[in-house]
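One structure is given below, encoded as structure tokens.
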Amino acid sequence: MGRGQPFHTGNLAAVLAAARGKGAAPPILAFDVETTGTHLYTGAKIFAYALATKRCLTYVGKPSKKVFKRLIKDYVLVMHNAKFDLAAVERFLGKHIAESIRFHDTRAQSHIVDNRHKTHGLAALCWSLCQWPTELDKKVNSFARHGDYSVVPKDLMDEYQRHDVARTMFLHRLFWPRIQSSKYKKAYERELAVIVPTMRMEEKGIMVRRKATKRLIDSLHKDVIKATEELRAIAGRPVNVNSPGDVASLLYDEIGLPILQRTEISGQPSTGKHVLLELRDKYAHPAVERVLEIRSKLKGIVQLEKYLELSAADGFIHPSINPIGATTGREACSNPNLQNVARTDTARAPYPIPARKCFRPRPGHIFLFIDYAGIELRLITHYAKDKRMKHLIMTADPHAFAAEIFYKPSKRSADPQIRKGYVRAGRPKRLRDSAKNAVYAICYGGGAKTVAETLGITVEEAAKAKAEFVKLFPGIGRISREVAETVWHQGRVETAFGRPIRLSGEESYKALNALIQGTAADIIKMAQVNLHKYLQKATGGEVFQILPIHDEIVFEVPRKRLKDLPDILKGIEQCMVDMPNLSVPLEIDIEYSTTSWEDKKPWDM
DNA sequence: GACCTCAGCGCG
DNA sequence: AAAGCGCGCTGAGGTC
């Protein structure tokens with residue numbers, strides 16, 4: 001900054017007055033709250049807030065209902081990660097106000113302007129854009145361990161708050177003119193629109209079956225003790241399964257198994273799941289089996305204990321859902337990540353943990369799970385304009401069809417079921433699932449080697465399978481290269497709904513994947529906004545969303561509303577599948593559960 | 001003690 | 001030259 005502070009200090013009246021611009025434009029203020037922690041739904045509270053005008057006249061004050069109400073009513077508020085500030089203000093006021101507020105979010109702006117930043121944090125962004133100093137951030141953060149900023153000395157905190165609102169206004173003044181006059185304004189407005197529905201999901205949370213979770217932990221614990229003793233007997237020493245080095249010493253030095261693969265970065269002998277499964281199949285050494293088991297179950301215990309910890313306050317987990325978590329525009333979930341809870345029906349793990357048993361609908365409610373059927377392949381087909389694939393999607397099961405191509409009876413195949421020509425209409429499911437993975441690998445530019453691994457066939461067979469697939473679906477075969485070409489020349493792709501996704505030239509091979517993920521993200525976000533409005537209107541908010549999982553939304557429905565559910569589901573379907581700009585129709589699958597997330601049952605319309 | 005990178009692994 | 005991609009979380013092992 002060079003010439004003193006990048007902001008001025010004023011009193012509240014002066015700041016509120018100075019915010020009023022010329023003419024009829026509503027007054028605008030940057031707004032930032034400070035809280036005693038990061039978990040708003042388990043006790044964190046506002047202890048201070050800060051305001052900044054366009055010309056960086058700043059004010060720092062203690063929270064006040066009167067002032068907050070005035071700000072909400074009369075001003076456009078600019079926030080960095082508005083979801084947090086809005087939720088904190090709502091907790092302070094004790095009521096919902098976010099639906100009626102006018103606001104901007106500079107974090108969303110940053111993502112629209114350039115999605116490639118590793119983090120869109122305020123300090124990091126302002127540093128990279130104009131070298132705004134970060135010494136103060138370091139100082140404050142060294143005081144505010146675990147997110148409690150109330151322990152920071154007041155004068156230090158005061159200065160820090162002024163920096164923060166000033167930075168927020170700086171970002172707004174940099175980004176907003178660029179977005180406002182660009183074709184990306186709509187994409188930005190969609191990001192704003194999804195913030196409030198996301199807040200409502202975090203607020204609702206998901207109920208944890210605490211006793212069942214404790215029982216599950218106990219049973220895993222017993223298994224781990226037993227398996228650990230067995231491994232110790234086999235190895236003749238204690239083994240730390242969480243230490244890749246220790247496991248590698250055991251398997252490769254002491255037992256003498258062959259090194260099938262090395263790690264990507266440091267080139268150490270790999271002890272990853274895939275390698276271990278191959279070793280298990282080839283050599284059936286009991287140590288390998290026990291390592292797999294102990295690793296999986298230890299991880300499960302840690303994960304489940306986290307669920308207990310996070311639900312201790314009110315029996316519910318209120319995760320943090322980041323509306324723009326990924327560079328592609330996808331949402332992300334943390335504290336905990338409920339988007340990667342292990343499943344047992346289509347488990348990827350050799351020792352799957354039934355972690356979804358830990359979650360139940362709140363009393364008097366049932367779970368509803370609605371996902372888009374094969375949305376990625378539908379979107380690829382849309383962009384690829386592949387007529388045969390479109391027809392296949394609308395009339396049959398494309399992955400079952402792919403399984404028939406990939407697993408055509410072949411005398412040379414190692415798989416007995418393939419040799420016998422067992423594959424018909426995608427049976428068995430194992431082969432259909434593998435075929436599905438192979439289809440996506442081919443679509444996204446995977447090589448014969450990857451296809452061979454996903455299908456469990458030789459590289460030569462995979463090359464042939466791939467060629468045959470691409471010949472049948474020429475559009476699909478071309479699309480990855482075409483989109484990569486666009487990125488190479490323009491540095492970005494745009495989704496069918498106008499979201500820009502920038503990629504460097506070196507990353508252009510990722511372009512199709514980014515385009516598809518980004519488009520699916522657009523769709524589920526629009527769906528969430530539609531659903532929030534519709535469910536509010538049709539059920540008074542009694543039916544509600546609690547979690548988005550990329551192509552799926554989890555809802556809860558009160559039992560007393562079950563009789564209306566067929567009608568409500570028609571409305572929900574409309575909210576989810578009625579999307580403009582797409583040449584391939586969208587479809588949804590509906591499941592429900594009255595007990596836990598683990599026990600899903602199909603729902604027939 | 002704080003912070004980093006890496007390997008490993010769960011989901012879409 | 002070739003590569004399916006995108007996340008968040010944990011523990012190990014290292015540095016400062």
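So you know, we letter chains A, B, ... as the sequences are listed, proteins then strands, and number each from 1.
Here A/T454 lies out of heavy-atom contact (under 4.0 Å) with every strand. Among the protein residues, A/T327 comes within range of the sugar-phosphate backbone only, with heavy atoms under 4.0 Å from sugar or phosphate atoms but none that close to a base. Among the heavy atoms of the strands, none lies under 4.0 Å from A/C443. Residue A/G447 is classed as a sugar-phosphate contact, given heavy-atom separations below 4.0 Å to backbone atoms only. A/N335 comes within 4.0 angstrom of the backbone, heavy atoms only, and of no base. Heavy atoms of A/A349 sit under 4.0 angstrom from primed sugar atoms or phosphate atoms, though from no base atom. Note on A/S270: only backbone sugar-phosphate atoms sit closer than 4.0 angstrom, heavy atoms only; bases stay farther off. Residue contacts for A/Y509: at a heavy-atom cut-off of 4.0 Å it reaches a base atom on one of the strands shown. Among the protein residues, A/R262 comes within range of no part of the nucleic acid, since none of its heavy atoms lies under 4.0 Å from any strand. Here A/K299 lies in heavy-atom contact (under 4.0 Å) with a base. Residue A/D246 is out of contact with every strand shown, counting any heavy-atom pair closer than 4.0 Å.
What separates NZ of A/K138 from P of B/dC4 is a distance of 11 Å, to the nearest Å. Rounded to whole Å, the distance from CD on A/E293 to P on B/dC9 is 15 Å. As a whole-Å value, the separation of A/L338 CG from B/dG12 P is 13 Å. In this structure, A/K139 places its NZ atom 19 Å from P of B/dA2, rounding to the nearest Å. Atom C1' of nucleotide B/dC11 and atom OH of A/Y372 are separated by 19 Å, given to the nearest angstrom. Here B/dG10 presents its C1' atom at 18 Å from OH of A/Y351, a figure rounded to the nearest Å.
OP1 and OP2 of B/dG8 both lie 4.0 Å or more from every side-chain N or O belonging to A/T263. Under 4.0 angstrom from either OP1 or OP2 of B/dC11 there lies at least one side-chain N or O belonging to A/R348. At B/dC11, none of the side-chain N or O atoms of A/R343 fall inside 4.0 Å of OP1 or OP2 (strictly under the cut-off).
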Handout entry: A/Y407 and A/I457: CA distance, side-chain angles, deciding distance, side-chain contact (heavy atoms from CB on, under 4.5 Å) verdict
Key = CA-CA 9 Å; A/Y407 293 119; A/I457 60 180; 4.1 Å; yes
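Contacts between chain A and DNA chain C, taken as any atom within less than 4.0 angstrom of a protein heavy atom, begin and end at C/dA3 to C/dG13.
Relative orientation of the A/W603 and A/Y592 rings is perpendicular, given thresholds of 30° and 60° on the angle between their planes. Ring orientation note: the planes of A/W597 and A/F369 are close to parallel, at an angle under 30° on the 30°/60° scale.
Ranked by how close their nearest DNA chain C nucleotide is to the 5' end, A/K449 and A/L503 are led by A/K449.
Counting non-hydrogen atoms of other residues, nucleotides and ligands closer than 6.0 Å to CZ of A/R481 gives a total of 12 or fewer.
For A/I265, whose side chain is taken as the heavy atoms from C-beta onward, the closest listed nucleotide among B/dG12, B/dG8, B/dC6 is B/dC6. Nearest nucleotide to the side chain of A/P244, out of B/dA7, B/dG10, B/dG12: B/dA7.
Checked options A/L547, A/L368, A/D371, A/L531; the residue passing with A/I553 is A/L531 (criterion: side-chain contact (heavy atoms from CB on, under 4.5 Å)).
Non-hydrogen atoms lying under 4.0 Å from DNA chain B are contributed by A/Q517, all within residues 515-527 of chain A.
To the nearest 0.5 angstrom, A/K83 atom NZ is 8.5 Å from A/L40 atom CG.
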